[in-house]
Amino acid sequence: QVQLVESGGGLVQAGGSLRLSCVASGIFSISINVMGWYRRAPGKQRELVALISSDGTTNYTDSVKGRFTIPRDNAKSTVYLQMNSLKPEDTAVYYCNAEGLTYYTSAYSGPTYEYEKWGQGTQVTVSS
């Protein structure tokens, strides 16, 4: 079964940078319609950070525009979140999301469709 595996979180000082990665693993091949990053700060609801569709169209929440980018490598089934000029208010658990998944578990299997998948989350802490 497909899994979204995140990496790259950690502790960074304000003004610094981090790059998160999320790879779809456990399958032979996959295509994903939309990939994105969400975050949940302490005491707050989960919010959208950035999305990228299969054609490269991106969408960012206002608070990260000009600081974050969301490149995607379809060949590697991977989406990244490049975070620059980090602020303490960016501190949160960041979750990878995939919508519209079509994947094959082997070279001989038929396609499996899933509407949505979430990663396990990775902590990002920005110190002032």
Side-chain angles (χ1 to χ4, degrees):
Q1 189 174 6
V2 63
Q3 291 182 323
L4 299 182
V5 181
E6 300 148 340
S7 61
L11 173 64
V12 65
Q13 288 188 333
S17 298
L18 280 175
R19 188 178 82 155
L20 306 183
S21 300
C22 171
V23 59
S25 66
I27 36 72
F28 176 71
S29 69
I30 189 168
S31 66
I32 301 172
N33 186 23
V34 179
M35 300 190 78
W37 290 93
Y38 291 73
R39 66 186 180 188
R40 177 179 283 137
K44 295 186 178 181
Q45 291 186 333
R46 185 166 57 191
E47 65 169 350
L48 169 68
V49 177
L51 293 173
I52 182 168
S53 64
S54 56
D55 67 0
T57 302
T58 58
N59 184 31
Y60 298 92
T61 192
D62 287 345
S63 63
V64 308
K65 286 180 180 178
R67 299 188 299 122
F68 291 10
T69 58
I70 184 170
R72 175 174 175 170
D73 187 336
N74 290 327
K76 296 181 179 179
S77 304
T78 300
V79 66
Y80 306 93
L81 186 67
Q82 179 63 46
M83 304 183 291
N84 300 325
S85 302
L86 282 161
K87 303 175 181 180
E89 52 263 43
D90 294 317
T91 295
V93 178
Y94 285 70
Y95 297 90
C96 177
N97 175 270
E99 287 187 10
L101 301 89
T102 303
Y103 61 89
Y104 298 79
T105 56
S106 75
Y108 310 101
S109 67
T112 299
Y113 308 96
E114 288 196 34
Y115 172 70
E116 187 174 48
K117 205 78 175 180
W118 288 92
Q120 79 284 358
T122 186
Q123 177 70 46
V124 171
T125 302
V126 184
S127 63
S128 57

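A quick note: this is a predicted structure, and the numbers were derived from the prediction, not measured.
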Could you tell me which residues satisfy side chain to side chain donor-acceptor pair (under 3.5 Å) with Thr57, sequence neighbours excluded, listed by chain and number?
Asp55
Restricting to non-hydrogen atoms, name the atom on [X] and the atom on [Y] that form the minimum distance, rounded to 0.1 Å.
X	Y	answer
Ile30	Ser77	CG2-OG, 3.1 Å
Gly9	Leu20	N-CD2, 3.5 Å
Leu4	Cys22	CB-SG, 3.9 Å
Ser25	Val5	OG-CG2, 3.5 Å
Ile70	Ala50	CD1-O, 3.6 Å
Ser85	Ser17	N-OG, 4.3 Å

By salt bridge (Lys or Arg N to Asp or Glu O under 4.0 Å) - contacts of Glu47 (at least two apart)
Arg39
Are [X] and [Y] joined in one hydrophobic group, where the rule is that I, L, V, M, F, W and Y side chains link up if heavy atoms are under 4.5 Å apart?
X	Y	result
Leu81	Trp118	no
Val124	Tyr38	no
Val23	Phe28	no
Leu18	Met35	yes
Val126	Met83	yes

ring-ring contact (aromatic ring centres under 6.0 Å, His included) filter on Tyr95, not counting sequence neighbours, yields none
So [Y] and [X], do their side chains get closer than 4.5 Å, heavy atoms only?
X	Y	value
Asn97	Glu116	yes
Cys96	Trp37	yes
Tyr60	Thr58	yes
Phe68	Gln82	no

What pairs with Gln123 under side chain to side chain contact (heavy atoms under 4.5 Å, CB included), at least two apart in sequence or on another chain?
Thr91, Val93, Thr125
If we ignore hydrogens and angles and just use 3.5 Å, is the side chain of Tyr103 paired with the main-chain N or O of Glu114 as donor and acceptor?
no
Kindly state each residue pair satisfying side chain to side chain donor-acceptor pair (under 3.5 Å) with at least one member in residues 3-15, sequence neighbours excluded.
none
Applied to residues 57-73, the salt bridge (Lys or Arg N to Asp or Glu O under 4.0 Å) test, sequence neighbours excluded, yields Asp62-Lys65, Arg67-Asp90
Taking Val2 as the fixed residue, which of Ile32, Thr105, Leu101, Thr112 is the one that meets the side-chain contact (heavy atoms from CB on, under 4.5 Å) rule?
Leu101
Got a second to check how far Glu89's CD is from Lys44's NZ, nearest 0.5 Å?
8.0 Å
